Amino acid sequence: MEQPVIRSFEKEEVPQASELERAVWGSATPPQQFMTAMKNGGLLIGAFIGGQAVGFQYSFAGFDGKRPYLCSHMLALLPEYRHSGLGAAIKRHQAELAREIGYDWIQWTFDPLESRNAYLNIRKLGGVVSTYWENCYGEMKDPLNAGLPTDRFRLDWWIDSTRVTDGIRQPELTAAHPYTVSFSGSGQPVLDEAGSVPDADAFVVPVPADFQAMRKEDMALAIDWRKKTRGIFTEAFRTGYMLADVRRKDSLLNEYILYRKEHVPL
């Protein structure tokens, strides 16, 4: 497969981003919106083969009342380019361009139970999470979200931190394993009743390895995972923990490792 060239969109190429968004998600941002963001602190980055975009990343300027940041809103790849490392390459190019125009903080949201995304965002890119938004977007009817509350993690990507510039460097702490998993009759993992967050320097939360497959097979079980993990993460972030690592466990489960904030090098 030919390797795409990653670069910013030229003005005449911007409609390709709208076309690609429609192909991936069924809806499209107007090209004029992309262009306006690009002129006001935003970025529109594409992965091109022979002048044709096969993936893109869109971000716009944000402000939290104290400091500016780059809000990374959308990353889309054609199916044949997923799981190829292209998404991570586009994000790293985004960080380079963001530094050039003065940003040190990029943030975006993702579903807390989409652990494949978490592996990219946290393990590969070095992002961290300490914010949980319950039902962030309200009811959505697209194939990825229909039937579930749209809870989201807000990921913070501190692009000048040693986690990002030098690779992830977590301390060698013994993590507690306070939560247990059983299995349904169909073999799907079930999170057993979860108590309070433990008093530990670090602890592990199991999460489904393929949440989309689970929700297609057993929506009630997917909702059960949503409700139980919502309680865990909300309490953990409120009491000073940060999600800072993800481990692949097996074909059914992955693991999130949460640390007290003072143990996370930023």
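Bear in mind that the values here come from a model prediction, so they are computed numbers and not experimental data.
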Is there side-chain contact between [X] and [Y], with at least one heavy-atom pair below 4.5 Å?
X      : Y      : value
Val197 : Tyr179 : yes
Val190 : Val181 : no
Lys11  : Phe34  : no

Do [Y] and [X] meet the salt-bridge criterion of a basic N to acidic O distance under 4.0 Å?
X      : Y      : result
Asp111 : Arg116 : no
Arg152 : Glu134 : no
Arg226 : Asp224 : no

Kindly say whether [Y] contributes a backbone atom to a donor-acceptor pair with the side chain of [X] at under 3.5 angstrom?
X      : Y      : result
Thr234 : Gly231 : no
Arg82  : Leu77  : yes
His73  : Cys71  : no
Arg99  : Ile159 : yes
Glu217 : Met214 : no
Glu21  : Thr29  : yes
Tyr256 : Pro112 : yes
Thr162 : Asp166 : no
Asn135 : Thr150 : yes
Gln94  : Ser59  : no

Taking atom types as modelled, is there a side-chain donor on Asp156 or Trp105 under 3.5 Å from an acceptor on the other?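 Per modelled atom types, Asp156 and Trp105 side chains form a pair under 3.5 Å.
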With no hydrogens and no angle check, do the side chains of Ser72 and Gln57 hold a donor and an acceptor under 3.5 Å apart?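 Yes, a side-chain donor-acceptor pair sits under 3.5 Å.
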[X] and [Y]: which non-hydrogen atoms are nearest, and at how many Å?
X      : Y      : value
Leu148 : Arg215 : CD1-NE, 3.7 Å
Val207 : Ser115 : CG2-CB, 3.8 Å
Gly187 : Leu252 : O-CD1, 3.6 Å
Pro4   : Ala47  : CB-CB, 3.9 Å
Val14  : Pro31  : CG1-O, 3.7 Å
Tyr103 : Gly41  : OH-O, 2.7 Å

Worked verdict on Asp201 versus Thr174 for side chain to side chain contact (heavy atoms under 4.5 Å, CB included): CA-CA 8 Å; Asp201 288 329; Thr174 300; over 6 Å; no
Is there a path from [X] to [Y] through hydrophobic residues (I, L, V, M, F, W, Y) whose side chains come within less than 4.5 Å of each other?
X      : Y      : result
Ile101 : Tyr69  : no
Phe63  : Trp157 : no
Val5   : Tyr58  : no
Trp158 : Leu97  : no
Leu70  : Leu266 : no

Which value, rounded to the nearest 0.5 Å, describes the distance between [X] atom [atom1] and [Y] atom [atom2]?
X      : Y      : atom1 : atom2 : answer
Arg22  : Glu19  : CZ    : CD    : 9.0 Å
Ile90  : Leu43  : CD1   : CG    : 12.5 Å
Ser130 : Arg238 : OG    : CZ    : 14.0 Å
Glu2   : Ile49  : CD    : CD1   : 5.0 Å
Leu258 : Met242 : CG    : CE    : 10.0 Å
Thr131 : Gln107 : OG1   : CD    : 8.0 Å

May I have the step-by-step check of side chain to side chain contact (heavy atoms under 4.5 Å, CB included) for Arg248 and Glu255, ending in yes or no? CA-CA 6 Å; Arg248 290 173 172 158; Glu255 295 180 332; over 6 Å; no
Evaluate side chain to side chain contact (heavy atoms under 4.5 Å, CB included) for Phe9 paired with Ile45, printing each intermediate quantity in order. CA-CA 6 Å; Phe9 278 77; Ile45 300 165; 5.7 Å; no
Aromatic rings Tyr132 and Phe237: how do their planes relate, parallel, tilted or perpendicular, breaks at 30° and 60°?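 It falls in the tilted class, 30° to 60°.
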Given Phe56, which of Met74, Glu13, Gln16 fulfils the side-chain contact (heavy atoms from CB on, under 4.5 Å) condition?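 Exactly one option meets the side-chain contact (heavy atoms from CB on, under 4.5 Å) with Phe56, and it is Met74.
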Compute both the distance and the angle, then confirm whether Arg7 meets the cation-pi test with Phe48: under 6.0 Å from the six-membered ring centre, within 45 degrees of the axis.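 Cation-pi check for Arg7 and Phe48: passes.
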Sole candidate of Tyr259, Tyr241, Phe233 that passes ring-ring contact (aromatic ring centres under 6.0 Å, His included) when paired with Phe203: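 Considering Tyr259, Tyr241, Phe233, a ring-ring contact (aromatic ring centres under 6.0 Å, His included) with Phe203 is found only for Tyr241.
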Less than 3.5 Å apart, which donor and acceptor atoms pair up between the side chains of residues 118-129 and the rest of the protein, not counting sequence neighbours?
unit_1 : atom_1 : unit_2 : atom_2 : d
Asn121 : OD1    : Trp108 : NE1    : 3.4
Asn121 : ND2    : Asn117 : O      : 3.2
Arg123 : NE     : Asp245 : OD1    : 3.1
Arg123 : NE     : Val246 : O      : 3.2
Arg123 : NH2    : Asp245 : OD1    : 3.3
Arg123 : NH2    : Asp245 : OD2    : 3.3

Before you tell me yes or no, could you show the steps for Phe153 and Thr109 under side chain to side chain contact (heavy atoms under 4.5 Å, CB included), namely the whole-Å CA-CA distance, both residues' side-chain angles and the distance that decides it to 0.1 Å? CA-CA 5 Å; Phe153 280 153; Thr109 62; over 6 Å; no
